[in-house]
Amino acid sequence: MKIYNQPLKGCTPNYPTENTICLPSNAVVRFGKGGVSDVAVSPDRHLIAVASRIGAWTYNAHTGEFVSLIGVESTGILSTVVFSPDCSRLALGDWDGRITLWDIGTKENIWCVTHEKQVSSIRFSANGRYLETLSSDGVVNILRVDDGTRVTRSIKETFSENWAAHGEKWKDKNISKALANHSRHDHGWLVAFSHHGKHLAGLNKADTLTLWEIATGEKTSTFERVTEHGEWVSIFRGRTLVCSPEGRYFVVSFFNTEHHTVTLWNEKTLKSFTSDMPILSAAASPNGRLLATGGWDKSVTLWNIETQKPFCTLEGHIGEISDLAFSQDGSLLVSGGARNWKYEEDEDGSTLRPEELYTFQSGADGTVRYFFSGNNPTDTTAKIWEIPTGRNIVTLKHPDVINRVMFSPEGTRLATSTRKTIILWCTKTWQSVATLDTVKIECLAFSPDGARLAIGGTWPEHKIQIWDVKMGELVVEFSGHKSDVESLAFSPDGRLLASGGFDGVIYLWDMTPYL
């Protein structure tokens with residue numbers, strides 16, 4: 001992965017420095033900083049380091065001003081950070097078991113050592129000659145700071161606790177400055193462009209919807225959703241954030257233990273559609289009048305957006321509805337089938353299978369339901385529904401469960417995806433015209449002209465692939481996210497591609513060379 005330490009040529013000059021440094025090749029800006037996994041204070045009290053999912057951010061401990069971003073390259077999602085006693089080096093540990101040592105002045109990686117499990121903590125010895133590392137499996141290793149080699153013999157060293165030595169009063173006063181621009185829930189981003197392309201929307205794990213102005217990177221508005229107790233309740237699985245085609249709403253689906261809700265958001269209106277059963281997918285019709293939802297009840301519900309009332313149920317799937325999409329003219333709806341959940345009622349769930357057992361409480365009547373995946377046959381079909389009649393006009397069979405469905409903007413193609421395969425279908429004959437063997441698929445997005453298909457990969461293949469739809473060929477591959485690419489969206493003119501990752505950041509990629 002090529003890393004730039006200076007803003008890319010042509011990048012909007014109004015963006016803060018933090019948004020434009022250490023970008024992957026072809027990315028023009030970054031939104032988000034990857035949340036906070038650990039914080040460390042230098043022994044001389046001059047620097048604060050914040051370990052996030054993408055790297056270590058350092059700040060002036062007295063002013064809170066940004067100093068540098070270290071460790072983006074050669075690390076995974078960071079779990080811990082610590083300064084050396086002489087304040088010249090920074091040690092980082094990540095989820096993949098890597099321990100890396102960095103020179104703070106030059107920002108260069110000195111060495112890298114990999115353990116089998118996630119790194120839980122790192123400590124320097126008082127004289128700075130050794131590092132003590134603890135992995136999530138309880139294994140302790142002692143490494144030489146000079147070269148990272150393990151010490152096989154017993155040593156008698158005092159390992160410093162830099163954090164505790166600074167005092168609670170000093171820590172509370174200064175660390176808050178460094179954390180001011182970091183969000184605790186800055187991960188699990190879904191992305192969508194507004195219909196006019198002036199704004200970018202991002203939804204995080206805490207169900208906070210943020211709008212940025214593309215030209216300046218400024219936040220224009222934020223919408224948050226909490227329970228009546230002021231606590232977050234959602235489970236990040238619904239994965240729906242789209243701008244309705246006519247531009248009136250952002251469509252957001254929530255999947256949680258109490259309220260199974262789809263929300264339509266804009267700056268003036270908020271409408272909610274609630275089901276007694278978990279909702280996994282949602283889509284708005286191009287004219288903004290209809291909403292389709294699907295979930296664990298194995299059916300698709302059509303809602304009138306104006307009245308917020310359901311008016312039609314489409315039945316035929318034998319598994320959960322994993323994804324939904326309307327055709328551009330709104331006459332067709334495609335639904336993807338997936339796991340076939342068993343449902344039983346039991347007072348405490350003790351008689352049910354423990355494997356993949358989920359408990360849900362209805363927000364309407366308080367009924368507790370237990371779901372579990374047994375040996376039932378899974379649903380491996382995509383169904384095409386005729387909206388005016390509610391009729392299932394064709395069923396497309398697949399070798400595996402479906403995770404994504406999407407019509408091309410011009411309406412000539414339908415893309416359906418399983419774990420590592422995408423099938424492109426002709427919407428006139430409903431025959432397969434191409435099969436793409438790709439990365440492990442998390443998300444899809446067609447370019448506005450339908451000529452390109454962007455694919456976001458899930459761990460460990462967290463890459464972005466751009467495919468030529470007509471030729472069925474891979475055009476380019478982008479790398480930069482540290483974990484799953486959760487969401488993709490093209491700008492209305494097709495010149496930018498937004499990607500949201502589990503690493504907590506959104507990247508905007510320059511697509512002009514590949515149009």
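Position 1 is the first residue of the sequence, and the numbers go up from there.
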Tell me whether the NZ or CZ atom of R53 lies within the 45° cone about the ring axis of F502 and under 6.0 Å from its centre. yes
Check for me whether K33 meets the cation-pi criterion with W57, that is, NZ or CZ under 6.0 Å from the six-membered ring centre and within 45 degrees of the ring axis. yes
For the pair W212 and F31, name the ring-plane relationship: parallel under 30°, tilted 30 to 60°, perpendicular over 60°. parallel
Is there a donor-acceptor contact under 3.5 Å linking the side chains of [X] and [Y]?
| X | Y | value |
| --- | --- | --- |
| D484 | H462 | no |
| S417 | N403 | yes |
| T427 | W425 | no |
| D38 | T80 | yes |
| S299 | H317 | no |
| W467 | Q465 | yes |
| T395 | K383 | yes |
| T75 | K482 | yes |
| T381 | H398 | no |

Mind checking whether H481 and Y507 have ring centres under 6.0 Å apart? yes
Donor-acceptor under 3.5 Å (D94 side chain, L78 main chain): no
Closer than 3.5 angstrom, by distance alone: can the side chain of S281 be matched with the main-chain N or O of I321 as a donor-acceptor pair? yes
Looking at I423, I422, D323, which hits side-chain contact (heavy atoms from CB on, under 4.5 Å) with T416? I423
